[in-house]
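Here is how names work: the chains are called A, B, and so on, in the same order as the sequence lines, proteins then strands, and each is numbered from 1.
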2 protein chains.
Amino acid sequence: MSQDINAVMNEYLPLRDVVFQTLRQAILRGELEPGERLMEIHLANRLGVSRTPIREAIRKLELEGLVVMIPRRGAIVASITEKDLQDVLEVRRTLEIMAGEMACERITPELLQQLEEAGREFMKLKDTDEFTSLAEVDVKFHDIIYAATDNQRLITILNNLREQMYRYRLEYLKDTGSHERLNSEHCQIYEGIKRGDKAAVSEAIGTHIDNQRDAILAAIRKGEQSQNPEKAEKTE
Amino acid sequence: MSQDINAVMNEYLPLRDVVFQTLRQAILRGELEPGERLMEIHLANRLGVSRTPIREAIRKLELEGLVVMIPRRGAIVASITEKDLQDVLEVRRTLEIMAGEMACERITPELLQQLEEAGREFMKLKDTDEFTSLAEVDVKFHDIIYAATDNQRLITILNNLREQMYRYRLEYLKDTGSHERLNSEHCQIYEGIKRGDKAAVSEAIGTHIDNQRDAILAAIRKGEQSQNPEKAEKTE
DNA sequence: CCTGTGTTTTTTGTATACATATATAGTGAA
DNA sequence: TTCACTATATATGTATACAAAAAACACAGG
């Protein structure tokens, strides 16, 4: 029933948005590699549309920084340097802490309950090998904290920053040794928010992000060697 | 000489970028009012280009949140609610403080000198009626602090947040009574960064933004009454 | 074998064409 | 007058056409 409504509501979706989301996902998941060219005709044929929606999607990717334009050459997938990632994580650390502290003041009972539930789900999954589900629950946990801030701008920025490192997300969750630590950090964050203890939440989120940073940087440094540079300029 | 180089370098600029910057400025300056429709053919004729570059520019404005799309109706200039502005200012406050604290650690002697110079310029202008110059110097002052962070992502986000309230910027600087206070805040910030005193800088920037918020919100509430709502749907 | 030059091919940047959906205006009936 | 319905106009969404720039290639000359 509600799916019918949903279907009616989503009945209209411009091709440009479909293309945008498709390309965006492909880049964030690493299916399109940094340096790779996005050729309009090629993508158009591949996705079964004309160049127009492709181009409009690329304009959005350009503003988001996921592709860079080379004059009269077209778009290539932006490469992320380690410095870029550190910059992102530095900002994200500050804003995640901000969100946690705001959540201490503003969280509603319903959201608090959802947060507890998400924490429990993570705990259940942490010893399995369902990395994708684990990542989803982790995202959900933090989304609830974002929502509790009641600040739409903050939510948008945090989502964007988080997505910047999406391609490394699964990678570092595969380090099962860290799951226990992640879980206890979640507990600390939840308990802190429940008590309204800003200092504790700030502390917990800070170490949470720090650990994540270390894990991601380690994954990158490890992965960097196994990649062959000449792949970058390939056509598809 | 260097202008020639500059001219050669800027020799190529896609029409879409020209259109994007033009429309962006018009929106941020309030020349295009919230609710106003952006009609492609009309803009195309006005700017002497075809619909294609107009549409591509609109896609960027859409992602930036400066326009909102209505399905099969086109783009309208996004209206900013007071809540939106408060959300922006809340995030901006946190990030400006972050930038200031980072500047305490990372600022170079050259940038510190530039900061002092910008502070002096502001002092010179504060008792004149050159509001535009005053606004520019104010922007420069903060840009130097941003640059000192050496975090490109932070710089980008802060610039974006600042631009969100560009249309109110001149308005609130016209309140000449606040100039003296702004000036002393700049001094405190400069001195704090020079000493590397994070707490002092954090404090000074916090009150700086708080005052700005109060001034802007006051300006909005005052200006709101003088606007006639039926203007919104006008064609041009 | 390498290098420089002219030609072809590919791809972008921009303009235009066409189909469809929405708004608008107009006409007639209750 | 007001409502309903149709016809018309307008604007968007998408596809295609065309020009120009860059890249790739071939070929002649050293």
Side-chain angles (χ1 to χ4, degrees), chain A residues 7-24 27 32-33 35-63 66-78 230-236, chain B residues 7-24 27 32-33 35-63 66-78 230-236:
Chain A
V8 171
M9 286 182 61
N10 289 1
E11 173 180 326
Y12 169 74
L13 225 194
L15 288 180
R16 59 171 183 266
D17 288 342
V18 177
V19 173
F20 173 62
Q21 288 172 16
T22 303
L23 293 179
R24 190 167 191 282
I27 294 173
L32 291 170
E33 290 176 35
E36 198 169 328
R37 286 183 71 183
L38 295 180
M39 280 184 295
E40 298 166 4
I41 301 175
H42 189 249
L43 291 172
N45 294 337
R46 216 175 147 71
L47 301 180
V49 299
S50 77
R51 280 177 62 209
T52 307
I54 303 282
R55 285 179 65 83
E56 298 194 3
I58 289 176
R59 294 289 85 75
K60 288 197 185 182
L61 296 171
E62 179 189 357
L63 195 77
L66 290 178
V67 307
V68 296
M69 297 305 300
I70 299 177
R72 288 188 172 108
R73 191 90 213 287
I76 63 172
V77 178
E230 64 265 26
K231 238 185 189 172
E233 255 292 310
K234 71 172 181 180
T235 308
E236 205 238 17
Chain B
V8 170
M9 287 182 58
N10 289 0
E11 176 181 325
Y12 169 74
L13 225 194
L15 288 180
R16 58 171 184 265
D17 289 341
V18 178
V19 173
F20 173 61
Q21 288 172 17
T22 304
L23 293 179
R24 190 167 190 284
I27 293 173
L32 291 169
E33 293 177 32
E36 200 169 329
R37 287 184 70 181
L38 294 181
M39 280 184 295
E40 298 166 4
I41 301 174
H42 188 250
L43 290 172
N45 293 337
R46 216 175 148 72
L47 300 179
V49 299
S50 77
R51 281 176 60 206
T52 306
I54 303 282
R55 286 180 65 82
E56 299 194 2
I58 288 177
R59 293 290 83 77
K60 288 197 184 181
L61 296 171
E62 179 189 355
L63 195 77
L66 290 179
V67 307
V68 296
M69 297 305 299
I70 300 178
R72 286 185 175 113
R73 191 93 209 286
I76 64 172
V77 178
E230 64 265 28
K231 239 185 187 171
E233 254 294 309
K234 71 173 181 179
T235 308
E236 206 239 17

Self-check item: A/Arg59 bridged to A/Glu56 by N-O distance under 4.0 Å
Solution: no
Quiz item: Does B/Tyr12 place a side-chain N or O at less than 4.0 Å from the phosphate oxygens OP1/OP2 of C/dG13?
Solution: yes
Quiz item: For C/dT14, does either OP1 or OP2 sit under 4.0 Å from a side-chain N or O belonging to B/Thr52?
Solution: no
Quiz item: Can you tell which of C/dA15, D/dA15, D/dT12 lies closest to the side chain of B/Pro53?
Solution: C/dA15
Self-check item: Phosphate contact (C/dG13 OP1 or OP2) by A/Arg72 side-chain N/O below 4.0 Å
Solution: no
Practice problem: Could you check how far CZ of B/Arg59 sits from C1' of D/dT14, rounded to whole Å? | Solution: 12 Å
Exercise. For B/Ile41 and for A/Val49, find the nucleotide of DNA chain D with the closest heavy atom, then tell me which residue's nucleotide is more 5'.
Key: B/Ile41
Quiz item: Quick one: the side chain of B/Arg51 and the base of D/dG13, do they pair up donor-acceptor inside 3.5 Å?
Solution: yes
Quiz item: Which listed nucleotide (D/dT14, C/dG13, D/dA11) is nearest to the side chain of B/Met39?
Solution: D/dA11
Practice problem: Have a look at B/Leu38 and say if it touches a base, only the backbone sugar-phosphate, or nothing, with a 4.0 Å heavy-atom cut-off. | Solution: sugar-phosphate
Practice problem: For side chain to side chain contact (heavy atoms under 4.5 Å, CB included), just list the numbers for B/Val77 and B/Glu33, CA-CA rounded to whole Å, side-chain angles, deciding distance to a tenth of an Å, and then say yes or no. | Solution: CA-CA 7 Å; B/Val77 178; B/Glu33 293 177 32; over 6 Å; no
Practice problem: Give a yes/no on whether any side-chain N or O of A/Arg16 is located under 4.0 angstrom from OP1 or OP2 of D/dG13. | Solution: yes
Self-check item: Side-chain (A/Arg37) to main-chain (A/Arg73) donor-acceptor, under 3.5 angstrom
Solution: yes
Exercise. Answer yes or no: is there a side-chain heavy-atom contact under 4.5 Å between A/Leu23 and A/Leu43?
Key: yes
